[in-house]
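Below is one structure, written out as structure tokens; the observations come after it.
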Amino acid sequence: MITAVDHVQLSAPPGTEERLRTYYVGVLGMTEIPKPPVLAARGGCWFQAGGVQLHLGIERDFRPANKAHPGLRVADIERYGARLQVHGARVEWDENLPGHRRFHSQDPVGNRLEFLEPLTAV
């Protein structure tokens, strides 16, 4: 029986680990977590915020995920969106999910990311 999502894997081109660290740690506010040595030899980086883990694996014939994406819940989404914009990330607001405020953006290698926050009842 499935009890939780352990992590989400995204791909990145070879040699982009420092750009990924700058974005996922410096912009998104995640923490880099160590990869097991046998997996670290493959390159890439792992990040965590609370119970959410994103693994960025190196793929030689990399193509960014344009449709597939992780949906990341955030607190104070307006402020979080402004934070991304200050760092040069494009923020595309989308009002099509009832009960939520959300936007889409891309990481530095072009992977699509969704950020959302449930609306509170008034």
Side-chain angles (χ1 to χ4, degrees):
M1 178 181 290
I2 296 173
T3 61
V5 173
D6 184 78
H7 67 275
V8 173
Q9 173 84 32
L10 297 172
S11 297
T16 59
E17 287 89 349
E18 285 308 311
R19 287 175 49 207
L20 297 170
R21 287 181 178 103
T22 297
Y23 179 77
Y24 283 93
V25 174
V27 178
L28 297 190
M30 300 183 84
T31 300
E32 185 171 4
I33 56 176
K35 293 178 68 172
V38 69
L39 298 178
R42 300 178 187 172
C45 333
W46 291 2
F47 304 98
Q48 183 170 352
V52 175
Q53 282 191 22
L54 295 178
H55 295 183
L56 279 288
I58 299 303
E59 189 172 3
R60 290 190 197 286
D61 296 326
F62 170 76
R63 286 187 307 265
N66 295 315
K67 182 71 174 171
H69 62 274
L72 304 169
R73 283 200 178 181
V74 298
D76 196 355
I77 195 163
E78 298 290 336
R79 190 167 141 214
Y80 201 76
R83 173 185 174 140
L84 269 67
Q85 289 178 313
V86 163
H87 286 87
R90 190 171 72 206
V91 171
E92 299 174 7
W93 291 98
D94 181 347
E95 304 298 329
N96 293 314
L97 182 62
H100 293 81
R101 182 87 169 116
R102 74 176 179 169
F103 66 85
H104 292 93
S105 191
Q106 293 80 32
D107 74 6
V109 297
N111 290 312
R112 184 179 194 207
L113 303 172
E114 178 181 344
F115 300 91
L116 64 158
E117 181 177 37
L119 298 174
T120 55
V122 179

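Computed over heavy atoms, backbone and side chain alike; hydrogens, waters and symmetry mates excluded.
The distance from the CG atom of L84 to the OH atom of Y23 is 4.5 Å, given to the nearest 0.5 Å. In this structure, T31 OG1 and F47 CZ are separated by 10.0 Å, a value rounded to the nearest 0.5 Å. For the atom pair R73 CZ and E114 CD, the distance stands at 10.5 Å (nearest 0.5 Å). Note that CG of D107 and OG1 of T22 are 12.0 Å apart. Values are rounded to the nearest 0.5 Å. Between the NE2 atom in H104 and the CD atom in E92 there is a gap of 8.5 Å [rounded to 0.5 Å]. Note that the CD atom of E32 and the CG atom of L20 stand 9.5 Å from one another [nearest 0.5 Å].
Considering every non-hydrogen atom in both D94 and R102, the closest pair reads OD2-NH2, 2.9 Å. Contact detail for S105 and A89: the closest heavy-atom pair is OG-CB, 3.8 Å. For P13 against I58, the heavy-atom pair with the smallest separation is O-CD1, 3.6 Å.
Here the side chain of R112 pairs no donor or acceptor atom with the backbone of A68 at under 3.5 angstrom. Between the E17 side chain and the G44 main chain, a donor and an acceptor come within less than 3.5 Å of each other. Between the side chain of N111 and the backbone N or O of A12, no donor-acceptor pair lies under 3.5 Å. Judged purely by atom type and a 3.5 angstrom limit, H87 has no side-chain atom pairing as donor or acceptor with the backbone of Q85. When atom types are taken as modelled, the side chain of K35 and the backbone of A41 share no donor-acceptor pair closer than 3.5 angstrom. A donor-acceptor pair under 3.5 Å links the side-chain atoms of E117 to the main chain of I77, judged by distance alone.
In the hydrophobic clustering of ILVMFWY residues, with side-chain heavy atoms under 4.5 Å counting as a link, L116 and M30 come out apart. Placement of L28 and W46 in two distinct hydrophobic clusters is found when ILVMFWY residues are connected by side-chain heavy-atom separations under 4.5 Å, directly or transitively. Transitive grouping of hydrophobic side chains (ILVMFWY, heavy atoms separated by less than 4.5 Å) keeps L119 and V74 in distinct clusters. Note on V25: it clusters hydrophobically with V52, by side-chain heavy-atom contacts below 4.5 Å among ILVMFWY residues. Hydrophobic clustering places V38 together with I33 (ILVMFWY residues linked when any side-chain heavy atoms are closer than 4.5 Å, directly or through intermediates).
When side chains are defined from C-beta on, V109 does not count as touching L10, because their heavy atoms never get closer than 4.5 Å. Side-chain contact between T16 and L56: absent, with no pair of heavy atoms (C-beta onward) separated by less than 4.5 Å.
Ring-plane geometry between F115 and Y80 is classed as tilted, the angle between the planes lying from 30 to 60 degrees on a 0 to 90 degree scale.
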